[in-house]
Amino acid sequence: MAGYDHKQVEAQAQEKWESLRLYEADLHAAKDPYYVLFEFPYPSGDLHIGHWYAFALTDIFARYKRLEGKDVLFPIGFDSFGLPAENAAIKRGADPKTWTYENMERMRAQIRSMGTAVDWSKEIATSDPEFYKWTQWLFLKLYEHGLAERKEAPVKWCPKDQTVLANEQVIDGACERCGTEVEERRLTQWFLRITDYAERLLADLDPLPWREEIKDAQRAWIGKSEGAKITFPLSFKKDPTQNDWRDPDGKPAGITVFTTRPDTVFGATYVVLAPEHQWVRAIWDTEHDDVAFNKDEIAKYVEVTKRKTERERQENKEKTGVRIDGIMALNPATGEEIPVYIADYVLGSYGSGAVMAVPAHDERDFEFAKLHGLPVRQVVAPRVTDNTNPPQEGKEEVGRDVTLSIVHNPATNRYLTLDWKEQPWVTFITGGMDEGEEALATALREIKEETGYTDLELVRYLGQTQSEFYAAHKGVNRVARNRCFLFSLKSEARTEVAAEEEATHEVVWRTKEEIEALHMQHAEFDYLWKRIHEGDSAFTESGALIDSGAFSGRDSEEAKWDIVEAIGGERTTNYRLRDWLVSRQRYWGCPIPVVYDPDGKPHSVSPDHLPWMLPTDVDFSLSSDGSPLRTSKELKERVERLYGEGWTPEYDTLDTFVDSSWYFYRYLDPKDENDFSDAGLMRQWLPVDRYSGGSEHTTMHLLYSRFFHKALYDLALVPHDEPFNERNNRGIILGPDGQKMSKSKGNVVNPDEFVERYGADAVRLYLSFIGPYNEPGSYPWNLDGVHSMRRFLDRIVTVSERVRDVEATEELRRSLAKTIEKVGSDLERMKYNTAISALMVFLKDLEALTEVPRPVFHQYLILLAPLAPHLAEHLFGITKGAGSIHMTSWPEADLDLLKGELKTVIVQVSGKRKGEIQLPEDASEEDAIAAAHTIPAVAELFASSDPSRVVYVPGRILNLVFS
RNA sequence: GCGGGGAUGGCGAAAUGGUAGACGCGCCUGCCUUAGGAGCAGGUUCCUUCGGGAGUGGAGGUUCGAGUCCUCUUCCCCGCACCA
């Protein structure tokens with residue numbers, strides 16, 4: 001390899017940094033603290049290109065901040081609890097601890113080879129008892145304040161990993177880690193009450209300086225919706241004595257539903273319970289044994305549903321269900337008795353696990369109603385405005401009941417329309433309903449009167465719409481309530497049409513295409529036409545209420561909360577977010593510091609006994625029932641020894657996301673035996689200034705640690721209520737084939753090979769150059785890319801050989817000033833790719849010189865130092881002498897130099913580029929126009945006329961418009 | 001379906017509303033050497049009658065001027081998804 005000896009250069013630089021203890025931050029002495037954090041790695045054993053991307057590129061930022069004069073904390077640790085260690089134990093008989101700690105040892109050496117300026121003196125590992133002692137202590141703090149609780153709930157179970165999972169760890173119905181389809185089980189487990197913080201987690205997102213997509217993903221995950229709880233009283237047909245049935249609150253038996261559309265309650269034609277709903281289980285209670293005629297059918301349905309995996313329930317979207325025969329619910333708005341169903345399209349875990357079904361206005365209910373022959377009752381009419389004739393302000397509003405009939409002739413496949421003689425209108429057949437007249441009768445009468453056709457068959461009632469327009473001849477705003485019908489013409493039978501009707505309009509049969517090409521004089525045309533040709537569907541928007549008692553005629557959105565009040569409902573907010581399930585039936589995790597008394601009641605392990613040690617005498621075989629901790633004799637004996645006969649341990653361990661929810665406090669005071677961190681240092685150093693990580697943690701780690709932090713804030717254990725200030729989600733590196741790297745595809749790039757050949761600096765530069773680091777894109781690894789970065793470094797070495805003590809020209813100093821500006825602002829935004837580009841451009845200036853001025857070269861090296869720290873250190877040493885380049889400071893750009901500079905001003909004529917002129921930035925418009933005359937094409941135009949408009953942006957553009 | 005992001009040369013990508021394609025890869029030409037997994041110099045959006053013309057997924061609009069702002073649309077990626 002030509003150029004410099006990267007192995008020697010890098011080894012020397014790394015030794016120098018370590019001997020100078022360059023990166024051991026003195027936290028107490030810091031004047032201008034800046035905390036740079038990356039997500040600590042799981043010690044899987046091998047450092048791959050993704051680790052380089054995560055660590056080395058965050059290191060660039062940390063080095064830049066340090067040169068900028070900040071006191072930087074840039075720590076590292078290991079997220080060292082986790083399943084792979086245990087799987088290795090099962091597969092190869094290795095001890096999880098040995099396996100993990102050997103991996104950590106290997107990774108430390110690899111991470112050092114990147115030239116990352118991490119502060120090893122503050123290293124932590126979550127599996128160290130000195131660390132997990134405080135995980136346990138914090139867990140107990142949450143428990144003591146009611147934020148950790150044991151409860152029975154349907155939970156996701158991964159049969160392969162033999163453990164429960166949090167909701168966030170289930171992706172498309174499968175285990176996030178191993179891809180196995182998860183099952184649902186009902187178990188008593190430990191939960192952290194993250195739902196108590198849903199509102200704050202949501203509201204506090206707004207001011208965070210994060211990219212909107214991260215915030216939006218968290219907002220969607222929290223999933224706030226506002227609605228109402230409405231209770232539907234029950235009556236028992238099979239056994240009326242059950243009508244005395246009271247729920248635990250003493251209220252008469254009733255099903256409470258959650259809905260965001262209480263305005264549609266008048267259209268609720270049945271009620272649906274999730275198979276997991278408490279009432280469904282109550283049917284088996286001996287007390288209420290006799291409520292259903294079809295108990296066996298219900299039992300079978302519930303059983304079948306239970307056996308389905310999460311993914312099967314998601315994939316098979318056909319809406320199955322079974323009616324509870326023997327129970328009726330009372331619609332509190334209409335007073336009508338409606339049936340009760342059990343169906344798995346209703347989720348047990350959302351809202352109240354029960355819904356009121358409004359088929360006319362909810363797609364899912366509509367689908368279910370169609371399949372099960374249930375009534376569809378419209379209560380919201382689409383509201384349309386006639387734009388050619390809109391309602392006028394201040395005019396009286398007058399309602400009118402009318403019919404709108406669309407007649408189809410199947411023989412000719414044409415539709416009946418009217419062409420109006422006095423108006424430019426084409427319409428279907430409309431007409432007002434007479435007092436006491438049925439809509440259908442009106443429709444048939446109007447068709448007969450206006451067109452003469454009499455032999456019609458009703459195909460479909462299309463529902464009601466409400467159109468609003470200004471009726472000029474009456475001087476009022478008309479609110480037309482249209483009953484819309486679709487008829488089929490059975491025969492051409494016709495009666496005579498009255499002369500006055502003939503005089504106003506002409507009957508025309510038109511094809512579908514002809515009608516679509518016209519503008520029909522009905523504002524609801526699109527709505528109706530879609531229903532005719534694509535079939536009925538639920539109308540899910542807001543509109544005008546109809547058939548809704550006293551609320552009819554009002555806007556559905558506006559009347560929503562009045563309806564809730566009128567029927568005794570309760571306004572409420574619901575969240576999609578579920579409590580965080582933290583129990584894991586696994587060995588290699590933080591033991592849950594809880595013991596059970598002989599009655600099975602949980603008690604905190606006393607703080608004196610922390611850390612509550614993970615036992616070592618366990619059997620990892622998967623055949624054991626539940627957590628491997630159950631096989632430990634030592635743990636059982638420990639509990640009995642400390643607490644007495646009959647007391648038992650908690651056998652589950654904590655989700656590793658609990659460890660990572662607080663690890664960044666521990667870096668501040670990693671050895672503290674008396675506290676989880678240092679209160680004074682937390683005030684000084686938190687929140688984390690910049691947190692660099694992967695987008696896969698947006699709704700897991702990032703949300704969990706925000707919750708954890710807020711909970712600790714409320715307990716006065718941490719000083720701020722948000723843990724992280726700026727956050728960047730990096731992208732991913734793809735294989736050379738543009739596919740995601742994976743062993744099975746054989747496209748995994750091993751960084752070691754490239755480091756060996758080109759050096760760590762070249763690999764760092766290449767990863768930086770591949771694309772913007774502040775955006776979560778994906779970038780394919782180009783096999784020639786690292787080589788080209790090495791070439792760039794070699795060119796710098798060549799230039800360094802011509803460094804002399806000479807004066808820099810003004811032009812060179814000007815170019816340097818621009819480069820300092822550009823590189824600094826790019827590094828600040830983690831746009832490393834354009835920073836390198838600027839360094840390459842400036843290198844060309846240096847290469848043009850036979851003698852390179854020493855101060856200019858040294859400033860250039862400082863700009864390079866964050867990106868290529870080893871070579872910058874080396875060249876700094878041989879061209880200057882003692883000290884480390886990383887202890888210098890970022891050069892200041894001499895912006896005064898830029899003032900007198902000639903700028904290229906583009907001369908345009910009507911926005912088209914015609915040429916360019918050189919002008920100082922402060923040149924006047926007159927000077928610019930004068931200079932523009934030197935361009936022949938422009939001078940020619942000036943010869944015949946003067947420009948009608950001149951746009952002059954100094955230093956940029958002169959645009960002349962000749963009209 | 002809903003929410004978010006995106007679409008610029010053969011490829012990765014640059015462009016406070018002001019020269020589109022910086023920088024790099026690849027490719028082409030030449031040089032140096034003779035075999036290095038090199039190095040150096042020049043060229044490289046497309047079309048062209050060599051005057052120019054066209055061009056940032058598509059169609060409109062705002063503007064002196066649009067990759068950038070607005071409306072509609074197509075496609076791709078990510079997240080959520082029977083959430084009532």
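Per chain, numbering begins at 1; letters A, B, ... match sequence-line order. Atoms considered below: every heavy atom in the structure, side chains included; atoms not considered: hydrogens, waters and symmetry mates.
Neither OP1 nor OP2 of G37(B) sits under 4.0 Å from any side-chain N or O of R790(A). Here N574(A) does not reach the OP1 or OP2 of A84(B): none of its side-chain N or O atoms lies under 4.0 Å away. At G26(B), none of the side-chain N or O atoms of H787(A) fall inside 4.0 Å of OP1 or OP2 (strictly under the cut-off). For the OP1/OP2 pair of A84(B) and a distance below 4.0 Å, the side-chain nitrogens and oxygens of Y350(A) include at least one atom meeting the criterion. Proximity of R261(A) to the phosphate of A84(B): no side-chain N or O atom is located under 4.0 Å from OP1 or OP2.
With distances taken from any side-chain atom of K831(A) to the nucleotides C64(B), G12(B), A14(B), the minimum falls on A14(B). Residue S837(A) places its side chain closer to A22(B) than to any other of A22(B), C82(B), A14(B). Here the nucleotide nearest the side chain of F258(A), chosen from G24(B), G37(B), A84(B), is A84(B). Comparing atom distances between the R795(A) side chain and each of C64(B), C23(B), C40(B) picks out C40(B) as nearest. When distances are taken from the side chain of R576(A) to each of A14(B), G12(B), A81(B), the shortest belongs to A81(B). Among the nucleotides G18(B), C82(B), C23(B), the one closest to the side chain of D344(A) is C82(B). Here U19(B) is the nucleotide among C23(B), U19(B), A84(B) with the atom lying nearest to any side-chain atom of E916(A). Closest contact between the side chain of D362(A) and the listed nucleotides A15(B), A84(B), A38(B) involves A84(B). Among the nucleotides A84(B), C23(B), G24(B), the one closest to any side-chain atom of M789(A) is G24(B). Nearest to the side chain of K844(A), among A81(B), C23(B), A14(B), sits C23(B).
Looking at D784(A), its side chain has no donor and acceptor atom pair within 3.5 Å of the base of C25(B). Scanning atom types as modelled, no donor and acceptor separated by under 3.5 angstrom connect the side chain of T259(A) and the base of A84(B). Between the side chain of R791(A) and the base of G39(B) there is no donor-acceptor pair of N/O atoms closer than 3.5 Å.
Looking at E184(A) and K306(A), no side-chain N of the basic residue comes within less than 4.0 Å of a carboxylate O on the acidic one, giving no salt bridge.
Residue-level contact check: V346(A) touches the bases, meaning some heavy atom is under 4.0 Å from a base atom. Using a 4.0 Å heavy-atom cutoff across all strands shown, V961(A) reaches sugar-phosphate atoms only and no base atom. As judged by a 4.0 angstrom heavy-atom cut-off over every strand, I770(A) is placed among residues touching the sugar-phosphate backbone only. In this structure, V953(A) reaches the bases: a heavy-atom distance under 4.0 Å links it to at least one base atom across the strands shown. The residue P772(A) sits close only to the backbone: its heavy atoms come under 4.0 Å of sugar-phosphate atoms, none of a base. Residue contacts shown for F769(A) include a base, since a base heavy atom lies under 4.0 Å away. No engagement by K822(A) is indicated, since no non-hydrogen atom pair under 4.0 Å with the nucleic acid exists.
Atom P of nucleotide C78(B) and atom CG of L702(A) are separated by 20 Å, given to the nearest angstrom. The distance from atom CD1 of I732(A) to atom C1' of C77(B) is 10 Å, rounded to the nearest whole Å. Between the CE atom of M830(A) and the C1' atom of A13(B) there is a distance of 19 Å, given to the nearest Å. In this entry the distance linking CD of E775(A) with C1' of A14(B) reads 12 Å, nearest Å. When the C1' atom of G37(B) is taken as reference, atom CG of D794(A) falls 14 Å away, rounded to whole Å.
For the C1' atoms, the distance linking C72(B) with C23(B) amounts to 36 Å, nearest Å. Atom C1' of A13(B) sits at a distance of 14 Å from the matching atom of G6(B), rounded to the whole Å. The same atom, C1', is picked in A66(B) and in U71(B); the two are 15 Å apart, to the nearest Å. The same atom, C1', is picked in U62(B) and in C70(B); the two are 7 Å apart, to the nearest Å. Nucleotides A14(B) and U19(B) have their C1' atoms positioned 14 Å apart, rounded to a whole Å. The same atom, C1', is picked in G55(B) and in U45(B); the two are 8 Å apart, to the nearest Å. Of the C1' atoms belonging to C27(B) and G5(B), the separation is 33 Å, rounded to the nearest Å. Nucleotides C78(B) and U44(B) have their C1' atoms positioned 35 Å apart, rounded to a whole Å.
Inter-residue side-chain proximity for M840(A) and S837(A) is flagged as unmet; no heavy-atom pair is nearer than 4.5 Å. Counting only heavy atoms from C-beta outward, the side chains of T573(A) and E226(A) approach each other to under 4.5 Å.
Contact between L201(A) and R706(A) at its shortest, heavy atoms only, is O-NH2, 2.9 Å. Here the shortest heavy-atom pairing between L958(A) and A928(A) reads CD2-O, 3.7 Å. Across V380(A) and R261(A), no two heavy atoms sit closer than the pair CG2-NH2, 4.2 Å.
The OG1 atom of T572(A) sits 6.0 Å away from atom CZ of F258(A), with the distance rounded to the nearest 0.5 Å. The structure places OG of S695(A) at 8.5 Å from CZ of R727(A), a figure rounded to the nearest 0.5 Å.
In the region residues 212-227 of chain A, proximity to RNA chain B at under 4.0 angstrom, judged on heavy atoms, holds for E213(A), D216(A), W221(A), S225(A).
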Handout entry: Trace of the side chain to side chain contact (heavy atoms under 4.5 Å, CB included) decision for L960(A) with V938(A)
Key = CA-CA 9 Å; L960(A) 306 164; V938(A) 177; 3.8 Å; yes
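With its glycosidic angle more than 90° from 0, G61(B) adopts the anti conformation. In G12(B) the O4'-C1'-N dihedral to the base is more than 90° from 0, which defines an anti nucleotide.
Stem analysis of RNA chain B (Watson-Crick or G-U pairs, both distances under 3.5 Å, runs of at least three) returns B:1-7 with B:74-80, B:10-12 with B:23-25, B:26-31 with B:39-44, B:45-47 with B:52-54, B:57-61 with B:69-73.
Ring planes of Y345(A) and F368(A): tilted class, angle from 30 to 60°. A parallel orientation is assigned to the rings of H787(A) and Y758(A), their planes being inclined by less than 30° (bins at 30° and 60°).
Nearer the 5' end of RNA chain B, as judged by each residue's closest nucleotide, is the contact made by T904(A), out of E753(A) and T904(A). The residue among E847(A) and M840(A) whose nearest nucleotide of RNA chain B is located toward the 5' end is M840(A).
Considering V355(A), V346(A), V257(A), V340(A) in turn, V340(A) is the only one that fulfils the side chain to side chain contact (heavy atoms under 4.5 Å, CB included) rule with L273(A).
Here F754(A) and W781(A) bring their ring centres to under 6.0 angstrom of each other.
Here the side chain of R219(A) pairs no donor or acceptor atom with the backbone of K224(A) at under 3.5 angstrom.
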